[in-house]
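The block underneath contains the structure these notes are about, expressed in structure tokens.
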Amino acid sequence: MIGAPQPLVLAKPAAIDTAQAARYFGARGEPDDRTMTLLETCAMPLLAAATPRAVWLEADTAALAEAGILRGGDVMKHLENCPQAVLLAVTLGPGVDAQIRRAGVGDIAAGSALAEQAADAAEAELRQWAAKEGKYLTGRFSPGYGDWDIAVQPLVANALDTVRRAGLCVTDTNLMTPRKSVTAILGVSGHPVKG
């Protein structure tokens, strides 16, 4: 059984995690003042342009495998001892893509950090849902990790109905648009699990 997609309401964060953005920017260790100033300058208009949206569903792991979504040993290992799973899609919306096209490199790093923050917020909401249901979740695992082929993106998007529910499309080359988007799977179990 694959459940119906459901929206998650995501609040826009008060600020972009510029320390994380600096890591995406390529800074090693403590970023210099120039890098931090660049990222802080990029952060405000990018945050203003963001319209975070998320959609998720719960499904039997076997049904997802049967649908061709769980291709690869790494994702199956991640879902070991999890009879169910949650599919998740999060996007920052088209305004962020437009801002990145206008501004450039620093915005790409800040956008990646903001997308990760939005995915973290969605995961936190799902953990609250799981706790109320007496269930436990693994961490997120996304297409492209290990041997989980990025070619499953259209299947994930289709299952979640992301075009209608979040404005998230997948191109013929399996890239997501808006670009600052995240898809992932989390294992669901009746007991604490790792992964």
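Positions are given from 1 along the sequence. Computed over heavy atoms, backbone and side chain alike; hydrogens, waters and symmetry mates excluded.
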Any donor and acceptor pair, going by atom type alone, linking the side chain of [X] with main-chain N or O of [Y] inside 3.5 Å?
{"X": "Q99", "Y": "L47", "value": "no"}
{"X": "N174", "Y": "Q153", "value": "no"}
{"X": "W148", "Y": "I69", "value": "yes"}
{"X": "T162", "Y": "L168", "value": "yes"}
{"X": "T171", "Y": "L175", "value": "yes"}
{"X": "T183", "Y": "A89", "value": "no"}

[Y] and [X], any side-chain heavy atoms less than 4.5 Å apart:
{"X": "E133", "Y": "V188", "value": "no"}
{"X": "L87", "Y": "I2", "value": "no"}
{"X": "C82", "Y": "V193", "value": "yes"}
{"X": "S112", "Y": "K180", "value": "yes"}
{"X": "T138", "Y": "I185", "value": "no"}
{"X": "D74", "Y": "Y145", "value": "no"}

Taking all non-hydrogen atoms of both residues, which atom of [X] and which atom of [Y] are closest, and how far apart?
{"X": "H78", "Y": "G139", "result": "NE2-O, 2.9 Å"}
{"X": "G95", "Y": "A49", "result": "O-CB, 3.5 Å"}
{"X": "S142", "Y": "V182", "result": "OG-CG1, 4.2 Å"}
{"X": "E58", "Y": "K135", "result": "OE2-NZ, 2.9 Å"}
{"X": "A54", "Y": "V90", "result": "CB-CG2, 4.0 Å"}
{"X": "L57", "Y": "A159", "result": "CD2-O, 3.3 Å"}

Which residue pairs pass the salt bridge (Lys or Arg N to Asp or Glu O under 4.0 Å) test when at least one of the two sits in residues 30-52, sequence neighbours left out?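 Sorted pair list comes back empty.
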What pairs of residues pass the salt bridge (Lys or Arg N to Asp or Glu O under 4.0 Å) test when at least one of them lies in residues 122-131, not counting sequence neighbours?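 The answer is E123-R127, E123-R140.
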Would [X] and [Y] show up in the same hydrophobic cluster when neighbours are defined by side-chain heavy atoms closer than 4.5 Å?
{"X": "L10", "Y": "I16", "result": "no"}
{"X": "I108", "Y": "V96", "result": "yes"}
{"X": "V156", "Y": "L186", "result": "no"}
{"X": "Y136", "Y": "L79", "result": "no"}
{"X": "V75", "Y": "W56", "result": "no"}

Between [atom1] of [X] and [atom2] of [Y], what distance do you get to the nearest 0.5 Å?
{"X": "R71", "Y": "I150", "atom1": "CZ", "atom2": "CD1", "answer": "11.5 Å"}
{"X": "L39", "Y": "Q20", "atom1": "CG", "atom2": "CD", "answer": "11.5 Å"}
{"X": "L46", "Y": "I100", "atom1": "CG", "atom2": "CD1", "answer": "5.5 Å"}

Given the rule in the salt bridge (charged side-chain N to carboxylate O under 4.0 Å, His left out) test, do R23 and E116 qualify, once you have shown the distances and angles that lead to the verdict? CA-CA 12 Å; R23 288 190 296 278; E116 193 63 25; over 6 Å; no
Only one of T91, L92, D97 clears side chain to side chain contact (heavy atoms under 4.5 Å, CB included) with R179; which?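 Passing option: D97.
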Tell me, please, which residues at least two apart from S189 pass side-chain hydrogen bond (donor to acceptor under 3.5 Å, both in side chains).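 So S189 forms a side-chain hydrogen bond (donor to acceptor under 3.5 Å, both in side chains) with H191.
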Please indicate whether Q6 has more than 12 foreign heavy atoms, meaning atoms of other residues, nucleotides or ligands, lying under 6.0 Å from its CD.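 Atom CD in Q6 is crowded, with more than 12 foreign heavy atoms closer than 6.0 Å.
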Would you please test L8 and L88 for side-chain contact (heavy atoms from CB on, under 4.5 Å) and show each step? CA-CA 10 Å; L8 267 180; L88 171 67; 4.2 Å; yes
